[in-house]
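For reference, the structure is listed below as structure tokens.
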Number of protein chains: 2
Amino acid sequence: MHNEAIERLTACGIKPSAQRISIMEYLLKHRTHPTVDMIYNDLVPTMPTLSRTTIYNTLKLLEEHNAIIELRIDKKTAHYDGDTLPHSHFQCKSCGKIIDVQMQGLLNEQYETEFVIEETEINYRGYCKSCLEKAKKTNN
Amino acid sequence: MHNEAIERLTACGIKPSAQRISIMEYLLKHRTHPTVDMIYNDLVPTMPTLSRTTIYNTLKLLEEHNAIIELRIDKKTAHYDGDTLPHSHFQCKSCGKIIDVQMQGLLNEQYETEFVIEETEINYRGYCKSCLEKAKKTNN
DNA sequence: TCTAATTTTGTAATGATTTCAAATCAGTAA
DNA sequence: TTACTGATTTGAAATCATTACAAAATTAGA
């Protein structure tokens, strides 16, 4: 797990520091879609100088380099996922748990037994035509 | 538009007050996926006593009664949509604009000319099996 | 009109995230 | 080893969207 973390970091072009390895390793080991605070509370005991800011900074860095995915399914706080392969998520409005949904496209009845869905949200992010054109003019 | 707002409110079981009508009407008229602040700034001139808190309260009420949809595509703030029919959204990471994507399921090349997609996120929200079972036991 | 319930309002509190400058660390050349 | 440079980490303070709350205003019914 430790080596996998280092491999993932270097493969994504990130210099593997002790903190970055710890956080990457945590996300590879725990498929619970943790928040910053969960990661912090679990790592501080073995890394007492660790700062919350470092976790924020590192997660942003990892996300920008596509080493992890930032989930915005929770309306309050960001959650993070070490699984970068395309898949969807379900969050229970009562207990807050986030569950992986290994299916592209819309859900079928197979899942109706596992949970009751009240909201479906499909979000795309990227760059719009006019911003791409503006960037072209400025950069060339 | 005024009457449509009242109709939507009553159809969703919401008593139509002046403020609620204004906000509902605004969301029916402006398909720009506004934030609380956009709604506030646009409505205050004609409704000087309007409070931001009322907008927060009203939007939550409207959403709970399925009169509108709350969008969480923007990582900073909530946006709101008066169009409750199922559709997806795209947000430009540069200008922040949110664009409707009238397509269920994953995007095809048709959209590649309109924008470049970097992230795809499919979120479901509802209730998980164990929470549903807990609720059953408590309520019966 | 009087009263009770509902709705609205403004202020203060909350809490996640960001900013920022100082401290620490890692790597390199002398 | 030592000194230097740049990268990384850290903690405190600031920011900003949202919520809590209690008072004020409005509405509806008797």
Side-chain angles (χ1 to χ4, degrees), chain A residues 5-6 9-10 12-26 33-65 67-80 91 93 96 98, chain B residues 5-6 9-10 12-26 33-65 67-80 91 93 96 98:
Chain A
I6 295 174
L9 290 173
T10 48
C12 294
I14 299 170
K15 201 159 75 174
S17 70
Q19 287 86 340
R20 290 171 183 172
I21 294 167
S22 286
I23 295 167
M24 187 70 249
E25 198 178 344
Y26 186 90
H33 316 96
T35 63
V36 166
D37 266 41
M38 293 169 190
I39 299 172
Y40 179 78
N41 291 327
D42 285 356
L43 292 184
V44 168
T46 55
M47 211 180 204
T49 67
L50 184 65
S51 147
R52 238 174 272 267
T53 302
T54 299
I55 300 182
Y56 276 105
N57 291 341
T58 303
L59 291 172
K60 180 182 281 182
L61 184 76
L62 295 180
E63 204 236 342
E64 284 167 356
H65 287 75
I68 64 170
I69 289 169
E70 183 185 46
L71 306 181
R72 285 284 164 178
I73 190 170
D74 186 317
K75 293 177 179 183
K76 298 227 164 190
T77 76
H79 291 247
Y80 294 87
Q91 182 174 43
K93 288 170 148 189
I98 295 174
Chain B
I6 296 174
L9 291 174
T10 49
C12 294
I14 299 168
K15 200 157 75 174
S17 71
Q19 286 85 340
R20 290 171 182 171
I21 294 168
S22 286
I23 294 168
M24 186 71 248
E25 198 180 342
Y26 186 90
H33 317 96
T35 64
V36 166
D37 266 41
M38 292 169 190
I39 299 172
Y40 178 77
N41 291 327
D42 285 356
L43 291 184
V44 168
T46 56
M47 211 179 204
T49 68
L50 185 65
S51 148
R52 236 174 272 266
T53 302
T54 299
I55 300 182
Y56 276 105
N57 292 341
T58 302
L59 291 171
K60 181 182 281 182
L61 185 76
L62 295 179
E63 205 237 341
E64 284 167 357
H65 287 74
I68 64 170
I69 289 171
E70 184 185 46
L71 306 181
R72 285 285 164 176
I73 190 170
D74 186 317
K75 292 177 179 182
K76 298 228 162 186
T77 76
H79 291 247
Y80 295 89
Q91 182 175 44
K93 288 170 150 189
I98 295 174

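In what follows, every chain begins at residue 1, and chains take the letters A, B, ... in the order their sequences are listed.
Between the side chain of A/Gln91 and the backbone N or O of A/Gly96, at least one donor-acceptor pair lies under 3.5 Å. Of the possible donor and acceptor atoms, none in the side chain of A/Thr58 sits under 3.5 Å from a partner among the backbone N and O of A/Ile55. Side-chain atoms of A/His79 come within 3.5 Å of backbone N or O of A/His33 as a donor-acceptor pair.
Here CG of A/Leu9 is found 12.5 Å from NZ of A/Lys15. Values are rounded to the nearest 0.5 Å. The CG atom of A/Leu50 sits 10.5 Å away from the CG atom of A/Asn41 when rounded to the nearest 0.5 Å. Atom CG of A/Leu61 is separated from atom CD1 of A/Ile68 by 9.0 Å, given to the nearest 0.5 angstrom. Distance check, rounded to the nearest 0.5 Å: CD1 of B/Ile23 to OG1 of B/Thr54 gives 7.0 Å.
Listed pair A/Thr77 / C/dA16 fails the phosphate criterion, with no side-chain N or O lying under 4.0 Å from OP1 or OP2. Close to D/dT26, at under 4.0 Å from its OP1 or OP2, lies no side-chain N or O of B/Gln19. Dashed line: the shortest gap from a side-chain N or O of A/Ser17 to OP1 or OP2 of D/dA7 is not under 4.0 Å.
In the region residues 52-65 of chain B, proximity to DNA chain C at under 4.0 angstrom, judged on heavy atoms, holds for B/Thr53, B/Thr54, B/Asn57. Contacts with DNA chain C (heavy atom under 4.0 Å) in residues 33-47 of chain A: none are found.
The residues B/Arg52 and B/Asp37 are annotated as salt-bridged, a charged nitrogen and a carboxylate oxygen being separated by less than 4.0 angstrom.
In this entry the distance linking CG of A/Leu50 with P of C/dT24 reads 16 Å, nearest Å. Atom CD1 in A/Ile14 sits about 16 Å away from atom P in D/dA7, given to the nearest Å. Rounded to whole Å, atom P of D/dA17 lies 10 Å from atom NE2 of B/His79.
Judged by closest nucleotide on DNA chain D, B/Ala78 is the one of B/Ala78 and B/Ala18 placed further toward the 5' end.
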